[in-house]
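Starting from 1, each residue takes its place in the sequence as its number.
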Amino acid sequence: MMAPDWQPRFIVIGAIKAATTWIQARLRDNPAIYMPDPEPHYFSSEFDRGEDWYRGFFADRPEGVQLIGEKSADYLAHPLAAQRIARALPQTRLVLQLRNPVERAYSDYKMLYRRGTVKGPPEEYLRSLDNPYPRFLEYGLYARHLARWYDLFPREQILIYLYEDVAEQPQRIVEAVSRHIGITPVFRPENAATAENSSRSAILPLPLRKALAPLKDTVRPLRGTAMFENVRSLLAREIAYPPLAPGLREQIQDFYARDVETLEAICGLDLSRWKNATRTAA
């Protein structure tokens with residue numbers, strides 16, 4: 001029985017803060033592919049909204065699109081997402097981009113620090129799971145989460161590659177993902193180095209962002225216009241994040257050591273760069 005033509009035939013399932021927005025943007029460079037811009041999170045936090053709500057994300061796809069997909073980076077770690085997708089879309093191709101879990105945890109912390117959700121230093125959140133945001137560490141336990149997916153999907157249905165490979169071999173990654181999901185690759189070199197959702201990007205000060213929050217939908221059509229970007233550039237500032245101390249970095253690396261070894265074994269990946277990483281988190 002063929003799946004309805006609106007259903008996604010591939011899903012980028014994670015990981016959060018592993019630059020999955022980059023691969024989404026590069027796939028959207030291909031006019032034969034349609035992916036909604038916002039993450040639906042349907043098979044994770046929004047499942048109770050129902051299938052009709054989910055279908056709405058794909059209603060505006062243009063004619064001529066050959067392949068529909070979506071990206072919701074929280075699916076990997078969500079305890080029910082794999083089961084829900086296996087039940088609703090058993091043939092869908094899955095794409096997984098993984099980042100050094102230490103860097104991922106610090107980047108996740110910086111995202112919530114940028115939003116004003118967390119205010120303390122990394123030591124308050126990254127020493128152990130016993131903190132108000134255990135997700136910072138939990139989401140990087142890739143082998144533990146991936147085991148759920150391997151229980152439900154054939155391994156050839158899941159493509160896994162590394163964040164580091166995106167910077168070093170962007171064309172190879174775009175081509176590999178395209179082949180995996182069943183579409184002729186389109187690679188635009190001029191877009192390859194574009195950083196999506198970078199923590200280094202200048203943003204508006206938090207008090208101003210909170211004040212403008214009720215106007216978010218109103219000003220959305222102005223984004224990208226010369227006037228909007230000029231005003232934004234005058235007000236936006238790069239954030240100075242609390243640093244990740246070397247001792248804490250080593251502690252987090254020890255926390256992930258066993259999971260990284262397991263991941264390397266079950267996926268056949270070379271994770272030596274993660275094990276020997278000493279560079280400052282991005």
Side-chain angles (χ1 to χ4, degrees), residues 2-47 49-78 81-82 84-86 88-99 111 149 153 157-163 165-166 170-198 201 217 220-221 223-224:
M2 293 186 63
D5 61 3
W6 68 267
Q7 287 186 339
R9 285 167 50 195
F10 73 91
I11 302 176
V12 179
I13 61 172
I16 287 179
K17 303 311 296 179
T20 54
T21 304
W22 182 89
I23 191 60
Q24 178 189 34
R26 300 296 69 80
L27 292 174
R28 293 178 73 192
D29 286 340
N30 189 336
I33 295 175
Y34 177 78
M35 298 179 74
D37 184 39
E39 297 190 10
H41 301 293
Y42 173 61
F43 293 105
S44 52
S45 59
E46 306 299 332
F47 194 68
R49 290 178 178 266
E51 187 179 278
D52 287 343
W53 176 84
Y54 185 47
R55 185 197 304 245
F57 281 90
F58 311 98
D60 295 331
R61 64 190 185 278
E63 291 188 14
V65 164
Q66 300 175 29
L67 195 63
I68 296 171
E70 68 122 315
K71 175 184 82 78
S72 294
D74 64 333
Y75 286 166
L76 171 65
H78 193 278
R84 290 166 174 172
I85 293 174
L89 304 168
Q91 303 302 317
T92 194
R93 308 293 282 181
L94 305 172
V95 177
L96 178 55
Q97 180 168 310
L98 298 179
R99 183 181 188 180
M111 180 174 70
W149 297 85
F153 292 92
Q157 211 164 314
I158 306 175
L159 176 68
I160 305 173
Y161 61 95
L162 303 181
Y163 170 95
D165 293 333
V166 167
Q171 182 171 353
R172 182 181 70 81
I173 295 301
V174 171
E175 291 175 351
V177 173
S178 298
R179 287 193 298 270
H180 178 70
I181 64 178
I183 201 76
T184 301
V186 169
F187 178 72
R188 297 181 179 172
E190 66 275 17
N191 294 340
T194 303
E196 310 288 342
N197 291 341
S198 172
S201 299
D217 291 336
R220 183 174 286 116
R223 290 181 177 275

**Q.** Met35 and Val12: CA distance, side-chain angles, deciding distance, side chain to side chain contact (heavy atoms under 4.5 Å, CB included) verdict
**A.** CA-CA 10 Å; Met35 298 179 74; Val12 179; 4.3 Å; yes
Q: Tell me, with the steps shown, if Arg172 and Asp165 meet side chain to side chain contact (heavy atoms under 4.5 Å, CB included).
A: CA-CA 9 Å; Arg172 182 181 70 81; Asp165 293 333; 3.6 Å; yes
Q: With rounding to the nearest 0.5 Å, note down the distance linking CG in Leu27 to NZ in Lys71.
A: 11.0 Å
**Q.** Separation of Ile11 CD1 from Leu96 CG (nearest 0.5 Å)
**A.** 12.5 Å
Q) What is the minimum heavy-atom distance between Ala15 and Leu98, and which atoms define it? A) CB-CD2, 4.3 Å
**Q.** Heavy-atom side-chain contact between Val174 and Trp22 under 4.5 Å
**A.** yes
Q. Shortest non-hydrogen contact from Leu89 to Pro8?
A. CD1-CG, 3.8 Å
Q. Which heavy atom in Val177 sits nearest to a heavy atom in Val95, and how many Å separate them?
A. CG1-CG2, 4.1 Å
Q: Start with the C-alpha distance between Gln7 and Glu51, add both sets of side-chain angles, then the distance that settles side chain to side chain contact (heavy atoms under 4.5 Å, CB included), and finish with yes or no.
A: CA-CA 10 Å; Gln7 287 186 339; Glu51 187 179 278; 4.3 Å; yes
Q.
Using every non-hydrogen atom in the two residues, find where Ile85 and Trp149 come nearest and quote the distance to one decimal.
A. CD1-CH2, 3.7 Å
Q) Short question: side chain of Arg9, backbone of Ile181 - any donor-acceptor pair under 3.5 Å? A) no
Q: Give a yes or no answer on whether the side chain of Glu39 reaches the backbone of Ala73 with a donor-acceptor pair at less than 3.5 Å.
A: yes
Q.
Under a 3.5 Å threshold, yes or no: a donor from one side chain and an acceptor from the other, between Gln97 and Tyr161?
A. yes
Q: Step by step, work out the side chain to side chain contact (heavy atoms under 4.5 Å, CB included) result for Thr184 and Gln66.
A: CA-CA 10 Å; Thr184 301; Gln66 300 175 29; over 6 Å; no
Q. Considering residues at least two apart in sequence or located in another chain, which fulfil the side chain to side chain contact (heavy atoms under 4.5 Å, CB included) criterion with Arg61?
A. Asp5, Trp6, Tyr34, Phe58, Ile68
(Q) Using modelled atom types and a 3.5 Å cut-off, is there a donor and acceptor pairing between side-chain atoms of Arg99 and backbone atoms of Tyr163? (A) no
Q) Quick one: CD1 on Ile158 to CD1 on Ile13, what's the gap to the nearest 0.5 Å? A) 6.0 Å
(Q) Counting C-beta onward and ignoring hydrogens, is there a side-chain heavy-atom pair between Ile33 and Phe10 closer than 4.5 Å? (A) yes
Q.
Between Glu70 and Tyr42, is there a side-chain donor-acceptor contact under 3.5 Å, judged purely by atom types and distance?
A. no
Q) Out of curiosity, His180 NE2 to Ile160 CD1, how far, rounded to the nearest 0.5 Å? A) 9.5 Å
Q) Does the side chain of Phe43 reach to within under 4.5 Å of the side chain of Ser72, using non-hydrogen atoms? A) no
Q: Using the test side chain to side chain contact (heavy atoms under 4.5 Å, CB included), find all partners of Ala176 that sit at least two apart in sequence or belong to another chain.
A: Arg179
Q | pair Ile23-Val166: side-chain heavy atoms closer than 4.5 Å | A | no
Q) Shortest non-hydrogen contact from Arg188 to Pro31? A) NH2-CD, 4.5 Å
(Q) According to side chain to side chain contact (heavy atoms under 4.5 Å, CB included), who are the partners of Pro185, at least two apart in sequence or on a separate chain? (A) Glu175, Ser178
Q: Indicate the atoms forming the closest heavy-atom contact of Pro90 with Gln157, along with that distance.
A: O-NE2, 2.7 Å
